[in-house]
Amino acid sequence: MANVAIIGAQWGDEGKGKVVDWLASRADIVVRFQGGHNAGHTLVVGNQTYKLSLLPSGVVRGKLGIIGNGVVLDPDALLGEIEKVRAQGLEVGPHNLRIAENTPLILPLHPALDKAREAARGGDKIGTTGRGIGPAYEDKVGRRSIRLCDLAEPETLSRKLDELLLHHNSLLRGLGAPEFGKDALMQQILGWAPKLLPFMEAVWERLDQARAEGKRVMFEGAQAVMLDVDHGTYPYVTSSNTVAGNAAAGAGVGPHAIGTVLGIAKAYTTRVGSGPFPTELFDDTGKLLGERGHEFGTVTGRPRRCGWFDACLVRQAVKVGGVSGLVLTKLDVLDGLPELKICTGYDINGEMVRRLPAGMAAQAAAKPVYETIEGWSGSTRGARSWAALPAQAIKYVRRIEELVEAPVALLSTSPERDDTITVSDPFAG
């Protein structure tokens, strides 16, 4: 049986929580391979609703969860999340959660710098969550990160903290923000050690053993392709690679282990924060999509911008993200609309293109070129087979498949876990 990687195919918030929960119930191990606690997955199990940001979704299904080295880990956020789900009756401990020993940590100085920078940008804000994700990744590539393994070596920790403070305090001073002292920060970090070190291991060995034993592994992405630091709408992106190719580096496995790649996309488009959004709607239809879809960020609570389905954008995500099958969510939000529009390309200064270019000015100038499709009057909500869908809804899905050049493997028709039409089994390879 094959492994499965799940990534977003738009700008995130595509409804991954339900889908990863559904797939996690069939996996043996679930691995988070990038991002931090700026992501949010909502999982509904029985009468309990779990809102996860760092914990791999498999832990709510009794599966082994792994936080890979591609994640930047805020210890307080993780420990707080563990306590929160424990209060809901879910047991989380070293028996079902493992963390890569080389995982970089988010320290209090990281969100401080994140927020100070955003404030200094004024009207040119990127729209970060202010949780220190970007500065933590900067430290990782700058080779000055405090990593989980450093908590077991106080002398190493002290030496590395000197270098880290030299860098960050200089930046904070320049931005007019308060600086950090070593002693208090050192004590805080050492206080995490007995709580976090029991979870630590060389997870690449465990994953290699799982491969040898034929276990199913699901690699869980946190954001989406169009937020990828290389392939997204830069600089309005996250600070890590979100494409499936990074599942290998972010977990410690070879690229052959990634398996089937599922790209999750809404039947329309949403985005949180700043940045280009060619199909964004500012009219009553955009407002209707937001209200029906309950479009508010799981982590931030910020209202999401809404617009028509951008097939051009998703096709690009399919190609660079390595997507072999699409998971289309929230089809039911479109029920009753008399007509629907799909973006098939962009008019950029009089030139027709089928990709979103990398240049910021070109992205800002992109005007969507639409194809109009008749809507449907019947309901798709709760449908669990193609036969239960209105004919026009099927036509809409088929047209999306043609335009993005990828088949729909799963179709979600409500927030309920079992309201899913399965076209092909992702774990079958």
Side-chain angles (χ1 to χ4, degrees), residues 1-2 4 6-10 14-27 42-46 61 216 218 260-270 285 288-289 291-295 306 308-311 314-315 317-318 323-344 370-429:
M1 303 297 286
V4 174
I6 299 181
I7 60 175
Q10 293 161 319
E14 296 97 348
K16 288 192 292 293
K18 167 190 167 176
V19 179
V20 297
D21 177 43
W22 186 81
L23 288 169
S25 66
R26 304 183 57 223
T42 301
L43 294 84
V44 180
V45 182
R61 293 288 173 186
R216 294 173 173 175
M218 187 180 84
T260 300
V261 180
L262 293 179
I264 305 185
K266 285 177 183 167
Y268 49 101
T269 310
T270 64
T285 301
L288 179 67
L289 294 176
E291 291 173 350
R292 281 190 181 179
H294 306 289
E295 298 298 351
C306 299
W308 293 119
F309 187 86
D310 191 334
V314 175
R315 174 181 175 272
V318 164
V323 173
S324 49
L326 210 62
V327 180
L328 201 63
T329 66
K330 295 197 170 185
L331 183 68
D332 56 299
V333 173
L334 303 179
D335 287 354
L337 292 177
E339 66 176 27
L340 308 170
K341 293 183 179 181
I342 301 176
C343 175
T344 59
Y370 287 119
E371 177 179 305
T372 301
I373 292 182
E374 183 184 346
W376 54 89
S377 57
S379 174
T380 64
R381 188 173 181 84
R384 299 184 182 182
S385 69
W386 286 107
L389 294 176
Q392 282 302 124
I394 296 175
K395 183 177 180 181
Y396 180 73
V397 173
R398 294 303 187 202
R399 184 56 179 150
I400 284 175
E401 289 180 316
E402 293 172 356
L403 291 169
V404 305
E405 299 177 23
V408 170
L410 299 169
L411 186 65
S412 171
T413 56
S414 92
E416 295 300 320
R417 181 173 175 270
D418 294 328
D419 288 344
T420 305
I421 299 173
T422 306
V423 181
S424 59
D425 181 0
F427 281 110

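- Side chains of D335 and T380: a donor on one and an acceptor on the other come within 3.5 Å.
- With hydrogens and angles ignored, the 3.5 Å screen pairs a side-chain donor or acceptor of Q10 with a backbone N or O of Y268.
- One N or O on the side chain of T269 and one on the backbone of D310 form a donor-acceptor pair closer than 3.5 Å.
- Rounded to the nearest 0.5 angstrom, I373 CD1 and I342 CD1 are separated by 3.5 Å.
- In terms of modelled atom types and a separation under 3.5 Å, the side chain of E14 and the main chain of G8 share no donor-acceptor contact.
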**Prompt:** When you look at L389 and L331, which way does the side-chain contact (heavy atoms from CB on, under 4.5 Å) test go after all the steps?
**Reply:** CA-CA 10 Å; L389 294 176; L331 183 68; 4.3 Å; yes
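- Note that CG of L289 and OG1 of T270 are 10.0 Å apart. Values are rounded to the nearest 0.5 Å.
- In this structure, CZ in R216 is found 10.0 Å from CG in L23, a value given to the nearest 0.5 Å.
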**Asked** Run the side-chain contact (heavy atoms from CB on, under 4.5 Å) check on E401 and L326 step by step: do they pass?
**Response** CA-CA 8 Å; E401 289 180 316; L326 210 62; over 6 Å; no
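- From I400, atom CD1 reaches atom CG of L328 across 5.0 Å, with rounding to the nearest 0.5 Å.
- With sequence neighbours left out, the ring-ring contact (aromatic ring centres under 6.0 Å, His included) criterion links W376 to Y396.
- Looking at R384, K330, R381 one by one, the single match for salt bridge (charged side-chain N to carboxylate O under 4.0 Å, His left out) with D419 turns out to be R384.
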